[in-house]
4 protein chains.
Amino acid sequence: MRFLSDNTAPACPEICDALVRANTGRVKSYGEDEWTRSLDRVFGDYFGHEVRVFPLVSGTAANALSLATLCPPYGVAFAHQGAHVVRDECGATEFFSHGARLALVPGASGRMTPEALIAALADMPISGHGMQPAALTLTQATELGTAYRPEQIAALTEIAHRHNLKVHMDGARFANAVTFLGCSPADVTWRSGVDVLSFGATKNGAMGAEAVVFFDPTLVRDFDFRRQRGGHLLSKSRYISAQLVAYVETGVWQRNAARANALARKVGAAAGDTLLYPVEANEIFLKLSSARTQALRAAGFEFHEAGNNGEIRLVVSWDQPEEEVDALCRALSPK
Amino acid sequence: MRFLSDNTAPACPEICDALVRANTGRVKSYGEDEWTRSLDRVFGDYFGHEVRVFPLVSGTAANALSLATLCPPYGVAFAHQGAHVVRDECGATEFFSHGARLALVPGASGRMTPEALIAALADMPISGHGMQPAALTLTQATELGTAYRPEQIAALTEIAHRHNLKVHMDGARFANAVTFLGCSPADVTWRSGVDVLSFGATKNGAMGAEAVVFFDPTLVRDFDFRRQRGGHLLSKSRYISAQLVAYVETGVWQRNAARANALARKVGAAAGDTLLYPVEANEIFLKLSSARTQALRAAGFEFHEAGNNGEIRLVVSWDQPEEEVDALCRALSPK
Amino acid sequence: MRFLSDNTAPACPEICDALVRANTGRVKSYGEDEWTRSLDRVFGDYFGHEVRVFPLVSGTAANALSLATLCPPYGVAFAHQGAHVVRDECGATEFFSHGARLALVPGASGRMTPEALIAALADMPISGHGMQPAALTLTQATELGTAYRPEQIAALTEIAHRHNLKVHMDGARFANAVTFLGCSPADVTWRSGVDVLSFGATKNGAMGAEAVVFFDPTLVRDFDFRRQRGGHLLSKSRYISAQLVAYVETGVWQRNAARANALARKVGAAAGDTLLYPVEANEIFLKLSSARTQALRAAGFEFHEAGNNGEIRLVVSWDQPEEEVDALCRALSPK
Amino acid sequence: MRFLSDNTAPACPEICDALVRANTGRVKSYGEDEWTRSLDRVFGDYFGHEVRVFPLVSGTAANALSLATLCPPYGVAFAHQGAHVVRDECGATEFFSHGARLALVPGASGRMTPEALIAALADMPISGHGMQPAALTLTQATELGTAYRPEQIAALTEIAHRHNLKVHMDGARFANAVTFLGCSPADVTWRSGVDVLSFGATKNGAMGAEAVVFFDPTLVRDFDFRRQRGGHLLSKSRYISAQLVAYVETGVWQRNAARANALARKVGAAAGDTLLYPVEANEIFLKLSSARTQALRAAGFEFHEAGNNGEIRLVVSWDQPEEEVDALCRALSPK
């Protein structure tokens, strides 16, 4: 019973159907296909805002290309200290930006606070001799399975914009957050001051599809050159874009997220006081005794440790069998 | 009737079947799946040699990551002046290598000659003040639709190794070349002195799958870190690797290439003396009058110009309808 | 009365004499001159250890080239959060290393503690998906004018080496620290586990001369190529090397540092309880009321603020007139 | 008798005097000194045009920082195939630009022709998939000791500007070229369409001083950040700037160049038909038999080979003793 990550899950039927439908005939490559050409319109409708959309195959590429576009090589991007760009991408942001720096901002439950951001900015003054503050990146849902409320995002982006930073959002689990919040995709993005979004579909039912969404077209700058130079302009773009169109248009983005979230919430409820953070997406973080962790593994549950202090992470996938979740709940319930 | 490129073609049934079969259950991500773990063995059998294989989604990434692994930032890679790495990848090699240089080697029909390589090496001496020769990259089939013979490759790699260069091969159309030559995959790679291969499947029936194949495991070095840093380690690697396994094991690599090659040869034969280079893969280059080029377009044929001198390129895809090829032959035949 | 920085000071007579003596005849360039060729010997004697020495014109270049040689692009260098490489070099380390990261380690009085280093290492585990710990950099004297004791250095380098990190020391004010400690240059470098040193002379009486000193010749790697590529191999190297030779051989390194340290100590003593850190080099940090800071400026003293909390920094140069120091002492003394 | 290079020469008295005069008191660092602050005015007068001037210590840094400012990472700079940036800087341009490419333009006697530039531009079309033409760099005097006439420069810059390229000039031996041409510094720079100049003084009597001169202030962009990040903003900038001011204001730029040029011309005249190119600066290129080359060395003359075909290069320094030149003339004269 695998609760390692939602990226272990297969593609959902709607995505597979879209791929089958796209798999016919000789169509123009490098983004000149009809699916890719429709992305600006499809995502424009989804977000209720003019957008420029670029399909990609990896979230790391989406984040790094976004931040490299917003940050000069001598720029600084402010990120939560536990962010994926900080901990799990092997320096992709530094690579694509040619050496920009990630300044770490602390914050409980995976969220940075306005106070912590202000302090971090104060500690990195704009001056001739230091690196120059350029961007803020927020993760939604956060790495600890929580979700920023729209007003929390707005408070942070307001600070960022006041300091002339542009704002990026890492939305690897964007659908899970939006679904939990019960808001619209617009509410936690452009309406709250987000300039560029890494929109993830891979973890929530796609075979492999991410998008960078620019809410301000002037920020696109040389994204296109950077993408190609990074080997991320795919010749057969149709297969990525067809997934993205289906993901948004069929509503599976919400259906898959809603199911995973609900099951995760169930697990969180069963976990009682071992639960570390509120379950606001599809991840559950627990603090178990070493004995209980071992017992869980012995019972056939697969999961990752989170950090060095005996904390563990369980992730519910969109297609996780209900019986696996029920078994997990039983295993976690206090005897 | 689209003869723009073989990357306009869809995925072939064997690839689609493999994807469907792979699309079940929650499997470990980031290359820990069974398909990715089998790649070294599957390609080891294919090449008759110990190999280390890394799945990727783009040929540009395969080339750039290979050359960046072989070349330090102050290194020089020798490439044919018309090579894809030179002309079509927006400087991906320079990007991934942190500034290595491509030294251009001329040569008729897309192939560099030993003499030209020797001259280029002589012009770029190893010294304290200049960049350091580090790699040779050959394209097989070449950008002009010709194929190096094994002994031609061996002659070039012998020169390269004598100068302490490592040898990379860009095999975006590797299957077309091998099928044309009637040799084994080994004959034009490790047996001829190739150290690292960009193995392409996308253009020849895959949905999107490339592989970097190291014939010398010690050259792998920090490839893995570079790949992740470049956003090219996919979480759902199974979908790339399953394509690669099917491509090699079902024999579609050869079947698709053989069909495309045969149809391209037919077109070449019909083209008469407008044919610029022998058709040794699935590409046909013609020199037509402006009037004939326009007439061809007016008749519904789509193709690219090649350079600035009225030359055109026609590419036959693995699934190109026979009637389209016949129509093209008729249109090209001297009246 | 300028207490802004010791880099405001002129060159001392011994350095000027050396430059005059070196300024004769046509001598080989790019380091083939006699002064540069003698550096390994001269510094070998100075440190009592085999060394490889490279002359440079800027401390930023010395630090960045050192760390780039020790850290791969996906590497992490651990640095005190207030270090010059972190705050004052506009990302030179990130630039020269092609994107390595500086992980910040806290610590009072400008010194990191073993506990803080261990915690930082624990927070940045070696794994396939993250950046890889590669180097530790220590500043001696620190940015707050304190000096690490040899045993403090040894404790930190022992941790570093146990984690397979190499150790760099930023010695922009190396002479001030060694002179304060009353130890030998060896005691705070190779004898305490330092692998590479940025040896500064500019701030302590040179016109412009720094050196990178490798105590382990195998670590030199491709330093030479990186230096040239960075525009830091000077054609007329003799003028840098002659300064370095004179600086070490005439003993001015110690005489200048001793004078500056003694005067700084005097200022520190006069400052009473406004003194923030012990004066162990030639820098004095004070916490003054806004009124007193203004009064000090009004009285003609020039100095920098240090941070945002009303702290100020005063630096005594090797040639600071005694009467300026006396005037400063009077101005700082409690009435 | 050393004719290896003009960078073997010492600093001339006017430069030394300027250094001595600048070596007094504690003056502001990092370019806030009076000499650096006067550079825009001093060079503005020298060129008869508004300029922005940045002092540097190496020609490689001047060239690389200039081109990196003009070229994005995916940009192409067109350079003569024998240019210093191509052959002698270990890829500094690629390093500082984060991977821009040098496209090589051929041309006899070290000069590119308009036809060759046009052909090179035609071969590197602006398109979505390739690197983007961004800059032209010309060397004045050229690497073969010839000088572009103002109208030759104008013809090339006109082509460049028509293609939206910016124009850089590598003026490591700028004074020699201007003095030979008998024109004003303006004639071969802004009046002929040059946007940015690497102005060299080191080879012509300075101790170590170069400058980047922007004739169009809007092109400065982020030069300042790049310079600091490259370790090329010196704390004691006064010592570089004082040299530059003296070099221009005392007229030694012209006096030194005139002397070196005249002596070189004498050598060229003596060389008879072994002379390869007209002597238009202070370099002489000869084609000698192997026996004569050996004889020359045996007679005590030091010089470099130029390429692999028995060609040699002799450079006359500003302070070359007349008797050495006479001896050389005798040795070269046909018996």
Side-chain angles (χ1 to χ4, degrees), chain A residues 1-11 16 19-20 22-30 33 56-65 88-92 94-96 98 202-203 206-208 224-240 302 317 319-320 324, chain B residues 1-11 16 19-20 22-30 33 56-65 88-92 94-96 98 202-203 206-208 224-240 302 317 319-320 324:
Chain A
M1 289 169 291
R2 193 159 272 163
F3 291 86
L4 286 166
S5 176
D6 35 10
N7 60 28
T8 63
C16 294
L19 283 169
V20 169
N23 193 45
T24 180
R26 283 153 304 292
V27 308
K28 288 193 179 170
S29 47
Y30 294 115
D33 62 273
L56 289 165
V57 290
S58 95
T60 294
N63 289 337
L65 281 164
D88 299 297
E89 302 185 354
C90 204
E94 286 90 338
F95 175 49
F96 278 89
H98 304 294
T202 307
K203 286 179 159 74
M207 186 173 279
D224 227 351
F225 290 118
R226 292 176 184 275
R227 178 176 58 161
Q228 200 201 343
R229 192 167 171 74
H232 285 290
L233 173 62
L234 297 201
S235 59
K236 297 190 172 179
S237 296
R238 59 167 140 169
Y239 296 111
I240 312 305
E302 292 179 276
S317 295
D319 75 326
Q320 200 86 39
E324 290 188 9
Chain B
M1 290 169 290
R2 193 159 272 163
F3 292 86
L4 286 166
S5 176
D6 34 10
N7 59 30
T8 62
C16 293
L19 284 169
V20 168
N23 194 45
T24 180
R26 284 152 303 292
V27 308
K28 289 193 179 169
S29 48
Y30 294 117
D33 62 273
L56 290 165
V57 289
S58 96
T60 293
N63 289 337
L65 280 165
D88 300 297
E89 302 184 353
C90 204
E94 287 90 340
F95 174 50
F96 278 90
H98 303 294
T202 307
K203 287 180 159 73
M207 187 173 278
D224 227 352
F225 291 117
R226 292 175 184 276
R227 178 175 56 160
Q228 201 202 342
R229 192 165 170 75
H232 285 291
L233 172 61
L234 298 200
S235 58
K236 298 190 172 178
S237 297
R238 59 168 141 167
Y239 296 111
I240 311 305
E302 291 179 278
S317 295
D319 75 327
Q320 200 86 37
E324 290 188 9

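The sequence lines fix the lettering, A, B, ..., with proteins before strands; numbering per chain opens at 1. None of the values given here were measured: they were computed from a predicted structure.
Taking chain A as the reference chain and counting heavy-atom pairs below 4.5 Å, the highest number among G208(B), A62(B), G25(B), G59(B) is found for G25(B). The greatest number of non-hydrogen atom pairs below 4.5 Å with chain A, out of K28(B), E89(B), E302(B), is found for K28(B). The choice from A64(A), S317(A), A9(A) that makes the most heavy-atom pairs within less than 4.5 Å of chain B is A9(A). Options N63(A), T202(A), L56(A) differ in how many heavy-atom pairs under 4.5 Å they form with chain B, and the most are formed by T202(A).
Between the side chain of R26(A) and the backbone N or O of M1(B) there is no donor-acceptor pair closer than 3.5 Å. Formation of a donor-acceptor pair under 3.5 Å by the E94(A) side chain with backbone atoms of R229(B) is not found in this model. Of the possible donor and acceptor atoms, none in the side chain of K236(A) sits under 3.5 Å from a partner among the backbone N and O of K203(B).
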Applying side chain to side chain contact (heavy atoms under 4.5 Å, CB included), run through Q228(B) and T60(A) and close with a yes or a no. CA-CA 8 Å; Q228(B) 201 202 342; T60(A) 294; 5.6 Å; no
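Contacts between Y239(B) and chain A at a heavy-atom distance below 4.5 Å involve the side chain alone, from C-beta outward. Heavy atoms closer than 4.5 Å to chain B are found in both the backbone and the side chain of A11(A). For T24(A), the part sitting under 4.5 Å from any heavy atom of chain B is the backbone (N, CA, C, O) and nothing else. R226(B) does not touch chain A: none of its heavy atoms, backbone or side chain, sits under 4.5 Å away. Residue D33(A): no heavy atom, backbone or side chain, is found under 4.5 Å from chain B.
Heavy atoms only, all atoms of each residue included: L234(B) and V57(A) are closest at CD2-O, 3.8 Å. S58(B) approaches G231(A) most closely through the heavy-atom pair OG-O, 2.8 Å. L19(B) and M207(A) make their closest contact through CD2-SD, 4.2 Å (heavy atoms, listed as atom of the first residue, atom of the second, distance).
Ring centers of H232(B) and H232(A): under 6.0 Å apart, within the cut-off.
Ring geometry for F95(B) against F95(A) counts as parallel: the plane angle stays under 30°, on a 0 to 90° scale with 60° as the upper cut.
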